[in-house]
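What follows is a short report on a single structure.
These numbers were taken from a predicted model, which means no experiment stands behind them.
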Amino acid sequence: MDRRFRDVVEAVLGVDGNRITDEDSPRSIPQWDSVTHLQLLLALEAEFGVQFSPEEMAQLNSIGLVRQRLSTAT
């Protein structure tokens, strides 16, 4: 899962997936705004075959939280 996760993050956020950490968030990745947040979560839904509720989408505001949620869904 890690490589696939990193590939999606790289593609959507335009960052080096090998350099992201669980602490990364919109505060540390300037291009991670509300639009790219939605794009990231939709891309992860498509890649991993999961679905996030609107409430979850609002709460998944760091790489660590997104990764944690995916690990419980797959």
Exercise for review: Please determine if Arg6 and Asp16 form a salt bridge, counting it only when a charged side-chain N lies under 4.0 Å from a carboxylate O.
Suggested key: no
Exercise for review: In plain terms, say whether Glu10 and Arg19 are close enough for a salt bridge, that is, a side-chain N and a carboxylate O under 4.0 Å apart.
Suggested key: no
Under 3.5 Å: donor-acceptor pair, side chain of [X], backbone of [Y]:
X     : Y     : answer
Thr36 : Gln39 : no
Arg4  : Glu47 : yes
Glu23 : Gly64 : no
His37 : Ala58 : no

Taking all non-hydrogen atoms of both residues into account, name the closest pair between [X] and [Y] and its distance.
X     : Y     : answer
Ala43 : Val12 : CB-CG2, 3.9 Å
Gly17 : Ile20 : O-CG1, 3.1 Å
Val50 : Ala73 : CG1-CB, 3.5 Å
Asp24 : Trp32 : O-CZ3, 3.9 Å
Phe48 : Phe5  : CZ-N, 3.8 Å
Phe52 : Glu45 : N-OE2, 2.6 Å

Exercise for review: Evaluate side-chain contact (heavy atoms from CB on, under 4.5 Å) for Arg67 paired with Val9, printing each intermediate quantity in order.
Suggested key: CA-CA 11 Å; Arg67 190 188 309 262; Val9 171; over 6 Å; no
Check your understanding: Hey, mind stepping through Gln68 and Leu60 against side-chain contact (heavy atoms from CB on, under 4.5 Å) and telling me if it holds?
Key -> CA-CA 9 Å; Gln68 180 182 12; Leu60 296 175; over 6 Å; no
Check your understanding: Taking everything shown except Glu56 itself, do over 12 heavy atoms lie less than 6.0 Å from its CD?
Key ->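 More than 12 within 6.0 Å, yes.
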Review point. Do Arg3 and Val8 touch side chain to side chain, with heavy atoms closer than 4.5 Å?
Key: no
